[in-house]
Each structure stands twice: as structure tokens, then as C-alpha cells.
Amino acid sequence: MYKVILENIVRLMNRKNLTQQELADKASISRVRVNQLLSQRRNFNPKLSTLVNIAQALDMDFIELSKRSPNLDLKFDNTRNFNEYRNIFIQNVKLKLIGKRAKSLSSYPGTSESGISELLSGKVLDPQLKTLVTIAEQLETTLSELFNRMEKL
């Protein structure tokens, strides 16, 4: 998942002829942070807000960044902000967990029942990508599915 997101960011930067500094300025993050993200280090674990800001700076929907074959010509609808993405994710995880406990997700390394509960209760305001990916894997779904507004999953 991480590699896909990185590849899509680089692809969009090249398509728009953006430097790291220009992307950083548009996304309101530091150039050092952009460099860290693009260096493909093992510790690539940005916060959701950082990825949403980068997607918006690239005129791309955040959901498309997580897809192996993003629609680069998709018209970007910037009405979804970071908070809405987070809320949609939380709602969809709760739908998937109906009849289960958050503890069922905490068996995966790097996640805890309290951490998941805090995310689902809204106490964690800006989750990290690794946490979101782990939850999607445990629910046997894709990250993009969990960020799409749906009635039922």
C-alpha cells in the first residue's frame, strides 16, 4: 500500500512538473517532510492529514492515491476535507465491526484495543497510515473502500 501511494505521488508530481518544494508549499508541509515521504524509507508512516493535503495539492482525490491504477484524469472534488475522510473511515469501520469488538482488530502486531477504540471514538484526530492500513487488512478490505461513503459494506 505504501509503495502504491508513493508511486502515485511521484507520478503526479512528474505530470505536473512539481518540485518537492513546490509540492510542500501547495500542501502546507515542509520540504523536509516531502523528502522524507518520497525517500521510500521503511518508516514511511505519514498522518492522514498529510496525505490528504498532498492529494489536494496534486488536484487528486485521496482515495485515488491509494489505488494501484488511479484515474489521473479524474476531476477532483475538493469538497471532502481531512475531517470528512476520517469520519467516513470511522463510520465504515464501525459498520464492518457490527456484532464484533474492536478487540478482534487488536490481534495484529502494532495495534491495540485501546488505540483502535480511541480512533473509533474520535479521540485520535489524525491517525497514521500504518494504523489505517492495518485496520483495512484486519477487516479484509481495501483502504479505498473504507474511505468511500457507503450505506452498507
Side-chain angles (χ1 to χ4, degrees), residues 1-12 23-24 26-30 32-72 74-153:
M1 173 62 53
Y2 309 111
K3 187 176 179 181
V4 170
I5 291 172
L6 285 172
E7 287 171 356
N8 288 334
I9 290 170
V10 170
R11 185 177 302 130
L12 287 162
L23 178 60
K26 289 179 98 172
S28 300
I29 59 176
S30 72
V32 171
R33 186 68 179 138
V34 170
N35 183 272
Q36 289 171 340
L37 295 173
L38 298 179
S39 69
Q40 299 188 20
R41 294 182 184 155
R42 280 204 137 138
N43 58 357
F44 175 72
N45 193 20
K47 292 187 175 190
L48 177 60
S49 62
T50 301
L51 291 175
V52 170
N53 287 345
I54 288 172
Q56 289 176 340
L58 294 169
D59 297 319
M60 176 59 61
D61 185 67
F62 167 69
I63 296 168
E64 291 295 310
L65 275 184
S66 66
K67 292 182 180 177
R68 170 104 13 231
S69 300
N71 182 351
L72 299 178
L74 185 69
K75 280 288 189 192
F76 173 62
D77 177 11
N78 64 357
T79 57
R80 280 192 190 167
N81 62 28
F82 153 71
N83 288 321
E84 187 170 356
Y85 278 115
R86 186 192 67 228
N87 292 339
I88 290 168
F89 182 88
I90 290 169
Q91 290 170 351
N92 286 337
V93 170
K94 286 179 178 179
L95 281 173
K96 286 281 222 175
L97 284 174
I98 290 175
K100 300 177 186 174
R101 292 187 60 212
K103 185 173 185 166
S104 65
L105 294 176
S106 66
S107 62
Y108 203 77
T111 59
S112 68
E113 184 176 4
S114 63
I116 293 167
S117 293
E118 287 177 357
L119 173 62
L120 297 180
S121 68
K123 290 181 183 175
V124 174
L125 299 178
D126 197 0
Q128 293 187 297
L129 180 61
K130 181 179 178 182
T131 303
L132 304 176
V133 169
T134 299
I135 290 171
E137 288 172 352
Q138 286 295 302
L139 292 172
E140 297 177 348
T141 189
T142 64
L143 198 56
S144 58
E145 246 185 71
L146 291 175
F147 280 108
N148 275 316
R149 186 173 298 283
M150 305 175 96
E151 297 298 317
K152 291 182 183 178
L153 289 175

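Owing to the predicted nature of the structure, the values given are computational and were not obtained by experimental measurement. As a basis for the values below, the full set of heavy atoms in this structure was taken, side chains included, without hydrogen atoms, waters or symmetry mates.
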S.K.: Looking only at heavy atoms, what is the nearest atom pair of Asn92 and Leu146, with distance?
M.R.: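 Heavy atoms of Asn92 and Leu146 come nearest at ND2-O, 3.0 Å.
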S.K.: With the side chain counted from C-beta on, respond yes when Leu58 and Asn8 share a heavy-atom pair under 4.5 Å apart, and no when they do not.
M.R.: no
S.K.: Measure the CD1-CG distance between Ile9 and Leu38 for me, rounded to the nearest 0.5 Å.
M.R.: 6.5 Å
S.K.: Do you know the tightest heavy-atom contact between Arg33 and Lys47?
M.R.: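 Looks like NH2-N, 4.5 Å.
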S.K.: Please report the interatomic distance CZ(Phe82) to CG(Leu48), rounded to the nearest 0.5 Å.
M.R.: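 Between Phe82 CZ and Leu48 CG, I get 5.0 Å after rounding to 0.5 Å.
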S.K.: Is there a donor-acceptor pair under 3.5 Å between the side chain of Lys94 and the backbone N or O of Leu120?
M.R.: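 Confirmed, Lys94 side chain pairs with Leu120 backbone.
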S.K.: Let's go through Leu119 and Val93 carefully: what are the C-alpha distance in whole Å and the side-chain angles of both, what is the deciding distance for side-chain contact (heavy atoms from CB on, under 4.5 Å) to 0.1 Å, and is it a yes or a no?
M.R.: CA-CA 10 Å; Leu119 173 62; Val93 170; over 6 Å; no
S.K.: Can you tell me how far the OG1 atom of Thr142 sits from the CZ atom of Phe147, to the nearest 0.5 Å?
M.R.: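 Those atoms lie 10.5 Å apart.
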S.K.: Is Arg86 reaching over with its side chain to a backbone N or O of Asp126, donor-acceptor style, under 3.5 angstrom?
M.R.: no
S.K.: For Pro46, which of Leu129, Asn53, Ile29 qualifies under side chain to side chain contact (heavy atoms under 4.5 Å, CB included)?
M.R.: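 Of Leu129, Asn53, Ile29, side chain to side chain contact (heavy atoms under 4.5 Å, CB included) with Pro46 is met by Leu129 alone.
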S.K.: Val10 versus Leu6: any side-chain heavy-atom pair under 4.5 Å?
M.R.: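 Not in contact.
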S.K.: Which value, rounded to the nearest 0.5 Å, describes the distance between Asn45 atom CG and Leu37 atom CG?
M.R.: 10.0 Å
S.K.: With heavy-atom distances below 4.5 Å as the criterion, would you say the side chains of Val52 and Asn81 are in contact?
M.R.: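 No. Closest side-chain heavy atoms not under 4.5 Å.
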S.K.: Between CG of Leu65 and OG of Ser144, what distance do you get to the nearest 0.5 Å?
M.R.: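 Reported to 0.5 Å precision, the distance equals 11.5 Å.
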S.K.: As an exercise, state the distance from CZ of Phe89 to CG of Asn148, rounded to the nearest 0.5 Å.
M.R.: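 Here the rounded value is 12.5 Å.
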S.K.: Which heavy atom of Ile5 sits nearest a heavy atom of Ser66, and at what distance?
M.R.: CG1-CA, 3.9 Å
